[in-house]
Amino acid sequence: LRRQRSSISTWGFLLRAVGVCLLVLIAFFALRGAWNMYGRFATASLERQASEQELAALEARNAQVAAAVGNLSSERGVEAEVRERYGVAKPGEGKIEIIRDEGEVESGGDIPTENIFMRAWHAIFRW
């Protein structure tokens, strides 16, 4: 009876060991599949962001082209484009260059070079 019980417990141990091994293998393949899926998801997310940026750039370019086509639909727009692109002028027209002095301020007024604290310091201590 003892020998029979010993063989049953040996078989029971082997069956449990095989079951544990199978569970470990199943868990390994499940984790591996999840990891691969995560990698694919991350790659797809990055590609989607790149595609959205490219789409935004293409939409901006499309708006520029539509504006250019709108400008070229009138005689004045065609003339302006030809003048800009080829640098041509009508007979009798000349080139005008505007040169500004370096000391001239664009806003039209004098901007003080000292800040308010320096002006207060000089107002208090006049030496």
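In this text the structure is predicted, and so the values were computed from the model without any measurement.
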Could you check whether any side-chain N or O of Ser51 sits under 3.5 Å from a backbone N or O of Glu47, counting only pairs where one atom can act as donor and the other as acceptor? yes
May I ask you to check whether over 12 heavy atoms, not counting those of [X], lie within 6.0 Å of atom [atom1]?
| X | atom1 | value |
| --- | --- | --- |
| Ile116 | CD1 | no |
| Gln64 | CD | yes |
| Glu84 | CD | no |

Output field: ring centroids Phe125/Trp121 closer than 6.0 Å: yes
Among the clusters formed by ILVMFWY side chains lying less than 4.5 Å apart, do Trp35 and Ile26 turn up in the same one? no
Are Tyr86 and Leu72 grouped together when hydrophobic residues (ILVMFWY) are joined by side-chain heavy atoms under 4.5 angstrom apart? yes
Quick one: CD on Gln49 to CD on Gln53, what's the gap to the nearest 0.5 Å? 7.0 Å
Could you give the distance from CD (Glu54) to CZ (Arg61), rounded to the nearest 0.5 Å? 14.0 Å
